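Numbered from 1 within each chain, the chains take letters A, B, ... in sequence-line order. The model shown is predicted, which means the values in this text are computed figures rather than measured ones.
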Protein chains: 2
Amino acid sequence: MATIRDVAKLAGVSVATISRYLNKNGYVNEETKLRVEQAIKTLQYEPNAMARGLAGRKTGTIALIFPDITNPFFAELARAVEDVARMYGYTVILCNSDNQADKEQTYIRVLKQRYVDGILFASYSLRSDDVDALNNEKIPFIMLDRAPRETSCTVVSSKHLEGAQQAVQHLLDEGCTKIAHIYGPQDTVTGRERFMGYEQSVKHFPWYSPSLVEPGYFRVDGGMEAVENLMKRHPDIDGIFAGNDTMAVGALKKLQRMGVRVPDQVALCGFDGIDLTVIVEPEITTVAQSIYDMGMLSTRLLIKKIEGDNSEHQTHLFDVKLIPRESTRRKR
Amino acid sequence: MATIRDVAKLAGVSVATISRYLNKNGYVNEETKLRVEQAIKTLQYEPNAMARGLAGRKTGTIALIFPDITNPFFAELARAVEDVARMYGYTVILCNSDNQADKEQTYIRVLKQRYVDGILFASYSLRSDDVDALNNEKIPFIMLDRAPRETSCTVVSSKHLEGAQQAVQHLLDEGCTKIAHIYGPQDTVTGRERFMGYEQSVKHFPWYSPSLVEPGYFRVDGGMEAVENLMKRHPDIDGIFAGNDTMAVGALKKLQRMGVRVPDQVALCGFDGIDLTVIVEPEITTVAQSIYDMGMLSTRLLIKKIEGDNSEHQTHLFDVKLIPRESTRRKR
DNA sequence: ATGAAATAGGTAACCGGTTACACATCGTTT
DNA sequence: AAACGATGTGTAACCGGTTACCTATTTCAT
């Protein structure tokens, strides 16, 4: 591999000039520029990222930490992040924390050691002192869907509470008279807010009971298990709001296995808007988030921060949109 | 951030000793070791990965390049790779090439610049001269499922041809009398070999016709489109072998939309063994690969290579296993 | 007693970039 | 004509590690 000094020698200039040319800062004569370009080409010179990182403290890398690579939600998010990052010349390191706080911590350590320029958190084990620590280290980061303490970092999220209320209202509108909820991890804002939205929408009904909720851990198998327990306790449930789509898919699966007709006997609504919901039959009604847009915006914000934007921490809340599909289309 | 020299000063030794302690090479006295540990702790010292990479040419990073992050097959593969890498102290950079050759090339360039210790290719745009180039650069790599030229690199793959034949045989056993094939990209070994397996198994039947195959691009929507075209041309098809599971899922979806009963009217078999096949109803028969094991083995092989194993290039072929499910269970 | 081997640790060059600072030239302003 | 700013380029220190090479002491077999 050729080094910058080889190029300098061949072009008959000093390394500083090459560096200036590469980074487009400082003055370089037009003719010199041509000679440098020629030298770079003949030597097939590629600047060494390690040396660059070491000397300049910029690596052109951002990391996305997310909790579950098998959840299509994060797959889509990752694509958005990658697309934008690529556009700005950054590389993305995808880090799957597998919902384990220690993995997440390891990643943070490793990423700091590697001088990533910024971090996007779509994972949630982070406590507010972790956030403070990151702030102290001055490493730019953005939280997706989680805000341990609102003002201390920039957050990109959706209107989860509102969405959950829309979902429940939709089920009510379709004539459901006893609606259960499969909730996600309560140490996540997403899981918590959607739960709250459900609770607020149904608590004043006479049929409401705290035994109408079951955890589903944001996973397919969790959704299946939850349905089983719910239907055992309340065979007369006629509507289920699942805290995310993967759980909704699991719920549907289990309902079908139990011989419960969807939507006739039980109407089902999910949350997120991933493609999985239109792959199954019947297609599942869901509260769609603008996943790709969230990914794009957060990446843009992060890159801005990296490149010196010092504006205040902001919170961006995306609208959500209920998409009615077959799983809630009931004959009245 | 504390540096190695700070630690050296505090511990009252030279940087070489710290380095020796950190890398566990060379001799370090027990007492000295304790002082060093103490110093590291009080300074909260973390070695700088950039400097390490630059000086030692080892970064403790491996990259996994794959074509489609939305395909659960690669999600599972990625988890296996990550798990093993973690075990050996390596970090994984996940690179989603989105099936675009240029993205793949960009990644290779970027990864080389960043001194990744090794690369795992589950993507396939690589031509044999690319492979030669990698070999020349002496950067360890392993191909998953693709072997441009068998002897020039280590390959981990499955018995695709055999699996495809098993799939077709299974459909025949279940009484199918006209079997179509939805094939994957023909510039992939996987797509090609499964196609060949199908072709070899059916070409001697009187009902066989080249118009019984359609491309599905390994994607859900591709599978849907393919089914539409196939059924238009041959309404009497009673069996479909899809070249992978995502296409099979798409096929099922379309068949259901078209009012075709699965498996009664058309039996359906996929390939890969991803969880999606048991989420849909009916559950889809598939030829399962040992995805996780393939990921584990290839990562182990890669790390071995990185750590100096110079044995010959080998080809590891995993067995596949037909898993009969409802989508092919026919009343006879 | 002696020399080889094992143990312990220091010095300084090096990895391949970036950049502060110095210096030179040239056109423009006053 | 002197002063100044813009342009163009080189020198060398520095980023934070690794490691080759060297020195010194201890252990141990002969």
Side-chain angles (χ1 to χ4, degrees), chain A residues 1-37 39-40 43-61 109-110 112-117 137-139, chain B residues 1-37 39-40 43-61 109-110 112-117 137-139 307-308:
Chain A
M1 264 292 206
T3 76
I4 199 172
R5 291 173 224 268
D6 299 330
V7 179
K9 196 169 295 173
L10 183 58
V13 295
S14 78
V15 292
T17 304
I18 310 294
S19 180
R20 277 190 285 262
Y21 166 77
L22 290 171
N23 299 298
K24 303 185 195 320
N25 55 23
Y27 300 104
V28 179
N29 188 312
E30 274 305 317
E31 286 168 39
T32 315
K33 196 180 282 186
L34 289 178
R35 288 217 314 287
V36 171
E37 276 163 358
I40 287 179
L43 290 174
Q44 296 200 57
Y45 169 71
E46 299 267 3
N48 177 314
M50 290 292 145
R52 271 197 155 159
L54 184 57
R57 315 176 121 25
K58 287 274 272 134
T59 56
T61 321
R109 248 207 10 257
V110 170
K112 272 198 311 218
Q113 283 182 93
R114 272 162 217 266
Y115 282 171
V116 291
D117 294 334
E137 310 235 19
K138 306 227 170 294
I139 161 161
Chain B
M1 263 289 209
T3 75
I4 199 171
R5 290 172 227 267
D6 299 330
V7 178
K9 195 170 294 174
L10 183 59
V13 294
S14 78
V15 292
T17 305
I18 310 293
S19 180
R20 277 191 284 262
Y21 165 80
L22 290 171
N23 299 296
K24 303 185 193 323
N25 56 22
Y27 301 104
V28 180
N29 189 311
E30 274 307 317
E31 286 167 36
T32 316
K33 195 179 286 186
L34 290 178
R35 287 216 315 286
V36 171
E37 275 162 359
I40 287 179
L43 291 175
Q44 296 200 60
Y45 168 70
E46 298 266 5
N48 177 313
M50 288 294 145
R52 267 195 160 163
L54 184 58
R57 328 188 105 21
K58 288 273 272 137
T59 57
T61 322
R109 245 204 16 254
V110 170
K112 272 198 312 217
Q113 279 181 57
R114 273 160 215 268
Y115 281 172
V116 291
D117 295 336
E137 311 234 20
K138 305 227 173 295
I139 161 160
E307 298 184 347

Heavy-atom protein contacts under 4.0 Å, nucleotides 17-29 of chain C, coded B base, S sugar-phosphate only, - none: BSB----------

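Listed by first then second residue, pairs satisfying salt bridge (Lys or Arg N to Asp or Glu O under 4.0 Å) with a partner in residues 20-32 of chain A read A:Glu30-A:Lys33, not counting sequence neighbours. For the salt bridge (Lys or Arg N to Asp or Glu O under 4.0 Å) condition, the pairs that include at least one residue of residues 45-56 of chain A, sequence neighbours left out, are A:Glu46-B:Arg109.
Taking atom CD on B:Glu31 and atom P on C:dT7, their separation rounds to 16 Å, with Å as the unit. When the P atom of C:dA6 is taken as reference, atom CG of B:Asn29 falls 18 Å away, rounded to whole Å. When the C1' atom of D:dG8 is taken as reference, atom OH of A:Tyr21 falls 16 Å away, rounded to whole Å. Spacing between atom CZ of B:Arg35 and atom C1' of C:dG10 amounts to 14 Å, rounded to whole angstrom units. Spacing between atom CG of A:Leu54 and atom P of C:dC14 amounts to 17 Å, rounded to whole angstrom units. A:Asp6 has its CG atom 9 Å from the P atom of C:dG16, to the nearest Å.
With sequence neighbours left out, A:Glu37 forms a salt bridge (charged side-chain N to carboxylate O under 4.0 Å, His left out) with no residue at all. Partners of B:Lys9 according to the side chain to side chain donor-acceptor pair (under 3.5 Å) rule, which considers only residues two or more places apart in sequence or in another chain, do not exist here. Under the rule for a salt bridge (charged side-chain N to carboxylate O under 4.0 Å, His left out), A:Arg35 has no partner lying at least two apart in sequence or in another chain. Partners of B:Arg5 under the salt bridge (charged side-chain N to carboxylate O under 4.0 Å, His left out) rule, at least two apart in sequence or in another chain, do not exist in this structure. Remark: B:Ser19 engages B:Asn23 in a side chain to side chain donor-acceptor pair (under 3.5 Å) (not counting sequence neighbours). Residues satisfying the side chain to side chain contact (heavy atoms under 4.5 Å, CB included) criterion with B:Ala55, sequence neighbours excluded, are absent altogether. For A:Leu10, the side chain to side chain contact (heavy atoms under 4.5 Å, CB included) partners at least two apart in sequence or on another chain are A:Ala39, A:Thr42, A:Leu43.
The minimum heavy-atom distance between B:Val7 and B:Ile18, with the atom names listed, is CG1-CD1, 3.6 Å.
The closest side-chain donor-acceptor pair between B:Thr61 and B:Asp117, if any, does not fall under 3.5 angstrom.
Terminal axes of the helix from C:dA1-D:dT30 to C:dT30-D:dA1 (five pairs each, C1' rotation axis) are separated by 40°, to the nearest 10°.
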Are there any protein N/O atoms within less than 3.5 Å of an N/O atom in nucleotides 5-7 of chain D, and if so, which ones and at what distance?
unit_1, atom_1, unit_2, atom_2, d
D:dT7, OP2, A:Tyr27, OH, 2.6

